[in-house]
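This report refers to the structure that appears directly beneath it.
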Amino acid sequence: MTISMPRGTYDVLPDEIHRWHYVERVARDVARRYHFSEVRTPIFEHTELFQRGVGETTDIVEKEMYTFTDRKGRSLTLRPEGTAAVVRSFIEHKVYAQPQPTKWYYLGPMFRYERPQSGRFRQFVQFGAEVLGADDPSVDAEIIAMVDDLLQELGIRQYRLELNSLGCPQCRPRHREALLAHLRPLREALCADCQSRLERNPLRILDCKNERCRELTADTPSILEHLCSACADHFAGVRKFLDELGISYIVNPRMVRGLDYYTQTAFEFIAESVGAVGTIAAGGRYNGLVASLGGQDVPGIGFATGLERLLAVMAAEGVEPPAPPALDCFVVAVGEESRTAAVSLLHRLRKAGLAADLDHLNRKVKAQLKAADRLQAKYVLILGEDELSRGTVQLRRMADGVQEEIPLEAAVERVSMQSMGDAVEQTLLSMMTGKAGPGADH
RNA sequence: GCGAUCGUGGCGAAGUGGUUAACGCACCGGAUUGUGGCUCCGGCAUGCAUGGGUUCGACUCCCAUCGAUCGCCCCA
């Protein structure tokens with residue numbers, strides 16, 4: 001048997017890589033405009049970082065981590081998410097001693113041992129950003145606005161933003177008690193999952209998809225009614241800024257986040273009609289995380305989005321990222337004699353900045369032209385013995401087959417000028433028609 | 001971790017317990033002299049995910065394993 005890729009992984013082949021490049025480019029550009037700097041942390045960390053950072057009782061830590069022991073017996077784990085490592089880095093390099101706030105973003109693979117399904121993989125790519133050292137509601141709004149901009153710019157239209165506040169260590173316990181008091185009498189009527197959630201994580205019961213559970217918990221005490229005044233003020237502040245920015249949202253008091261570290265603001269961007277997993281971006285505030293990982297009491301907020309899901313939603317909405325540029329020039333050599341000259345010509349084209357190639361399979365002229373056509377070469381330079389003796393080449397424009405014989409010396413410059421001219425023409429055309437061309441802004 | 005469906009050449013896709021496993025696309029070559037996109041001709045799976053089993057005989061039936069897709073849990 002030949003070896004295949006591990007479960008839950010995928011190859012991005014060259015014919016679709018441009019979609020990835022496009023999303024990555026837009027993400028980085030949004031980050032630039034929001035004034036976030038990129039941080040790159042290791043793909044693996046000490047297991048303990050995630051146990052403490054993500055939370056011992058979370059599904060991620062309990063059953064989804066890729067953990068292994070290295071040759072010295074250390075327990076290491078492939079990162080399942082980005083925030084813990086960013087915070088670790090922030091603390092480790094004493095970045096809190098520098099002017100605050102710290103605004104970092106990351107873009108890279110994460111790993112979770114889960115059953116693959118649509119929009120879910122074992123290795124997947126997240127783009128995320130964190131603001132450390134500022135707890136003003138305007139920061140929460142900024143993070144949310146950033147995600148909103150990202151989605152807009154990728155051409156994604158059908159999504160909604162759900163917002164909630166999870167309170168803080170002062171008010172959350174009060175809500176929890178009220179919740180338990182309400183739910184305990186209903187215990188027997190709840191679904192099996194919810195019964196087990198009851199003592200462990202009662203908040204999750206509110207998020208249950210089960211019809212019966214939903215009915216039973218319909219009039220359950222809301223976290224929003226139990227917020228302390230600080231959290232209530234903060235939540236009101238976030239809403240005020242979002243309203244000011246014209247970002248619409250739905251307050252969902254039943255929304256829960258999977259990771260233990262969230263406090264106050266929590267949000268989810270949900271795609272309207274895409275498979276079972278509709279969440280394409282999510283995040284929230286985590287004011288206790290830095291301290292719990294051994295740093296100062298520094299507030300934080302962030303988000304993460306899965307690129308596979310963005311790509312899936314884009315495909316579902318018919319958004320087509322700009323195609324990669326075609327090959328500028330294909331050099332056709334006729335006969336062995338001209339091959340040396342052809343290789344030399346090819347080299348000069350490339351040195352001049354053109355994307356150029358030639359046939360390496362010793363194909364006949366016809367087949368070489370066919371290859372050039374398939375590669376969508378804009379121009380073809382044909383070099384045979386006749387041309388060689390005359391010191392010329394045939395310059396053929398593939399779009400219409402117009403061909404002329406030009407001096408060999410002028411070939412590189414001619415193709416350069418023509419290609420450039422084509423590009424300018426394209427741009428002008430797209431400006432006039434108002435349609436987005438390659439590299440044009442949206 | 002649980003459930004459903006599925007697994008035939010690079011891709012799509014017929015097929016039936018029994019002779020050489022259709023077809024389409026793609027790819028490669030050819031249709032005499034050095035020229036693409038059309039047309040025509042030819043080539044392209046000693047094998048039907050893997051391993052067992054049933055049978056005189058299995059790609060076709062059974063079991064297991066692996067994988068894919070989708071859903072649950074949970075999550076980006």
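Chain letters run A, B, ... following the sequence lines, proteins first and then strands; every chain starts at 1. Everything numeric in this text was worked out from a predicted model, so none of it was measured.
- Looking only at atom types and distance, the side chain of A:Ser89 has no donor-acceptor partner in the side chain of A:Thr41 under 3.5 Å away.
- Summarising the geometry, the separation between CD on A:Glu114 and C1' on B:A68 is reported as 17 Å, rounded to the nearest angstrom.
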Could you go over nucleotides 33-39 of chain B and give all protein N or O partners under 3.5 Å, atom names and distances?
| from | atom 1 | to | atom 2 | distance (Å) |
| --- | --- | --- | --- | --- |
| B:G34 | O6 | A:Asp386 | N | 3.3 |
| B:G34 | O6 | A:Asp386 | OD1 | 3.4 |
| B:G34 | O6 | A:Asp386 | OD2 | 2.5 |
| B:G34 | O6 | A:Glu387 | OE1 | 3.4 |
| B:G34 | N1 | A:Glu387 | OE1 | 2.9 |
| B:G34 | N1 | A:Glu387 | OE2 | 3.1 |
| B:G34 | N2 | A:Glu387 | OE2 | 3.3 |
| B:U35 | O2 | A:Arg396 | NH1 | 3.2 |
| B:U35 | O2 | A:Gln403 | OE1 | 3.3 |
| B:U35 | N3 | A:Gln403 | OE1 | 3.1 |
| B:U35 | N3 | A:Gln403 | NE2 | 3.1 |
| B:U35 | O4 | A:Gln403 | NE2 | 2.9 |
| B:G36 | OP1 | A:Lys366 | NZ | 3.1 |
| B:G36 | O2' | A:Asp373 | OD2 | 3.2 |
| B:G36 | N7 | A:Arg396 | NH2 | 2.8 |
| B:G36 | O6 | A:Arg396 | NH2 | 3.4 |
| B:G36 | O6 | A:Met398 | O | 3.4 |
| B:G36 | O6 | A:Gly401 | N | 3.1 |
| B:G36 | N1 | A:Met398 | O | 2.3 |
| B:G36 | N2 | A:Asp373 | OD1 | 2.8 |
| B:G36 | N2 | A:Met398 | O | 3.1 |
| B:G36 | N3 | A:Asp373 | OD1 | 3.2 |
| B:G37 | O4' | A:Asp373 | OD2 | 3.4 |

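- A:Tyr286 pairs by the ring-ring contact (aromatic ring centres under 6.0 Å, His included) definition with A:Tyr261, not counting sequence neighbours.
- Residue pairs that meet the salt bridge (charged side-chain N to carboxylate O under 4.0 Å, His left out) test with at least one member in residues 367-390 of chain A, sequence neighbours left out, are A:Asp328-A:Lys378, A:Arg390-A:Glu405.
- By the ring-ring contact (aromatic ring centres under 6.0 Å, His included) test, A:Phe50 is found to be paired with no residue, residues two or more places apart in sequence or in another chain being considered.
- Applying the ring-ring contact (aromatic ring centres under 6.0 Å, His included) rule to A:Tyr379 yields no partners; only residues at least two apart in sequence or on another chain are considered.
- Legend: ring-ring contact (aromatic ring centres under 6.0 Å, His included) pairs involving residues 298-320 of chain A, not counting sequence neighbours, sorted by first then second residue: A:Phe127-A:Phe303.
- Residues from residues 34-47 of chain A placing a heavy atom under 4.0 Å of any atom in RNA chain B do not occur.
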Distance-only donor-acceptor hits, side chain of residues 144-151 of chain A, under 3.5 Å, sequence neighbours excluded:
| from | atom 1 | to | atom 2 | distance (Å) |
| --- | --- | --- | --- | --- |
| A:Asp148 | OD1 | A:Tyr159 | OH | 2.6 |
| A:Asp149 | OD2 | A:Tyr34 | OH | 2.7 |

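- Among the nucleotides B:G71, B:G67, B:C28, the one closest to the side chain of A:Arg7 is B:G67.
- When rounded to the nearest whole Å, the span between CZ of A:Arg120 and P of B:C2 equals 15 Å.
- Under 4.0 angstrom from either OP1 or OP2 of B:U69 there lies no side-chain N or O belonging to A:Ser118.
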Encoded 5' to 3' (Watson-Crick or G-U under 3.5 Å; [ ] crossing; | other strand), RNA chain B becomes ((((((((.[[[..)..(....]]].(((((.......))))).....[[[[[..)....]]]]])))))))....

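- Every residue was checked against the ring-ring contact (aromatic ring centres under 6.0 Å, His included) condition with A:Phe124, not counting sequence neighbours, and none meets it.
- A salt bridge (charged side-chain N to carboxylate O under 4.0 Å, His left out) check over residues 355-364 of chain A, counting only residues at least two apart or in different chains, returns the pairs A:Arg350-A:Asp357, A:Asp359-A:Arg363.
- One atom, CG of A:Leu107, and another, P of B:A76, lie 17 Å apart when rounded to the nearest Å.
- The stretch residues 311-322 of chain A participates, sequence neighbours left out, in these salt bridge (charged side-chain N to carboxylate O under 4.0 Å, His left out) pairs: A:Arg19-A:Glu320.
- Ranked by how close their nearest RNA chain B nucleotide is to the 5' end, A:Pro6 and A:Arg363 are led by A:Arg363.
- In this structure, A:Glu81 atom CD and B:C75 atom P are separated by 12 Å, rounded to whole Å.
- Between B:C44 and B:A21, the distance separating the two P atoms is 13 Å to the nearest Å.
- Atom CG in A:Leu307 sits about 14 Å away from atom P in B:A76, given to the nearest Å.
- The phosphate of B:C70 (OP1 or OP2) has no side-chain N or O of A:Gln117 nearer than 4.0 angstrom.
- Checking the phosphate oxygens (OP1, OP2) of B:G30, a side-chain nitrogen or oxygen of A:Lys364 falls inside 4.0 Å.
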